[in-house]
Amino acid sequence: MIATEVGVTPAMAHYHFKGREQLIDALVAERLLPVSLRIDEVLDADDAAPLVFVSRLIHRLLEIVAECPWWAPLWVREILSEGGLLTERVHARLGEAGRQKWAKRVAEWQRQGVMNKDVEPDLVFVSIMGLTLLPLAGTLNRSNLASSDQLAKHVLTILGRGLF
């Protein structure tokens, strides 16, 4: 089915990818890791106040979706699937360092009193991702948005009042 979809013969697909595992590894390496690394760039920045930091993350997610419209629905599908195969492979390559860094940063902001002490540090990142990506995952929801700026403003308003 994949070979037919991309316009090559099954023999050609099998020549380049000896099996399902190699095909998935190529997908992860060529499409998903570059996106994950772009998100990690934002997570690695230490110079921003919490609301500025969250704003940068939201705008980065919107940039990625503008360039890779397939990414939002794929992310949602992976999150909703128990033991998402692609997520496991990305984490195997990148590790959990980004999530751990994020949770530590949130805990520090809570300690400083600049972030709501009642939010769960381990859930803040996935909450930002979900609020930003879920409306972009389906064409029905996309048609209700005037622009990505409108979505960014909406997500920041929700988060800004609840987190800070």
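Since the structure is predicted, the reported quantities are computational estimates derived from the model, not experimental observations. If you read the sequence from its start, that first residue is 1, and numbering goes on from there.
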Which heavy atom in [X] sits nearest to a heavy atom in [Y], and how many Å separate them?
X: His59; Y: Asp149; value: NE2-OD1, 4.5 Å
X: Gly130; Y: Pro135; value: O-CD, 3.9 Å
X: Pro121; Y: Ala103; value: CB-O, 3.6 Å

Hydrophobic cluster identity match, [X] and [Y], side-chain contacts under 4.5 Å:
X: Met129; Y: Leu123; value: yes
X: Met12; Y: Ile24; value: no
X: Leu61; Y: Val52; value: no
X: Leu37; Y: Leu133; value: yes
X: Trp70; Y: Leu134; value: yes

>> Whether the side chain of Arg38 engages the backbone of Ile64 through a donor-acceptor N/O pair (distance < 3.5 Å, no angle test) should be reported.
In response: no
> Do any N or O atoms from the side chain of Ser55 and from the backbone of Leu51 form a donor-acceptor pair under 3.5 angstrom?
Replying inline: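 The answer is no, because no donor-acceptor pair under 3.5 Å joins these two groups.
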Could you tell me whether the side chain of [Y] reaches within less than 4.5 Å of the side chain of [X], counting heavy atoms only?
X: Val155; Y: Leu151; answer: yes
X: Leu131; Y: Ile58; answer: no
X: Arg105; Y: Phe53; answer: yes
X: Val106; Y: Phe125; answer: no

Rounded distance [0.5 Å steps], [atom1] in [X] versus [atom2] in [Y]:
X: Ser36; Y: Leu43; atom1: OG; atom2: CG; answer: 10.0 Å
X: Leu74; Y: Leu32; atom1: CG; atom2: CG; answer: 6.0 Å
X: His14; Y: Gln22; atom1: NE2; atom2: CD; answer: 9.0 Å
X: Leu62; Y: Glu67; atom1: CG; atom2: CD; answer: 11.0 Å
X: Glu41; Y: Leu57; atom1: CD; atom2: CG; answer: 12.0 Å
X: Lys18; Y: Leu23; atom1: NZ; atom2: CG; answer: 12.5 Å

> Would Asp40 and Lys101 pass as an ion pair if we require N to O under 4.0 Å?
Replying inline: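 Lys101 and Asp40: not salt-bridged.
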> Ion pair present between Glu63 and Arg60, side-chain N to carboxylate O less than 4.0 angstrom?
Replying inline: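 Answer for the salt bridge query: yes.
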>> Counting only heavy atoms from other residues, nucleotides and ligands, does the tally under 6.0 Å from CD of Glu21 exceed 12?
In response: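 Yes - once you tally the heavy atoms of other residues, nucleotides and ligands closer than 6.0 Å, there are more than 12.
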>> side-chain contact (heavy atoms from CB on, under 4.5 Å) for Val119 and Trp109? Distances and angles first, verdict last.
In response: CA-CA 11 Å; Val119 298; Trp109 287 332; over 6 Å; no
> Partners of Phe17 by ring pair (Phe, Tyr, Trp, His ring centres under 6.0 Å), sequence neighbours excluded?
Replying inline: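 In terms of ring pair (Phe, Tyr, Trp, His ring centres under 6.0 Å), with neighbours along the sequence ignored, Phe17 is linked to no residue.
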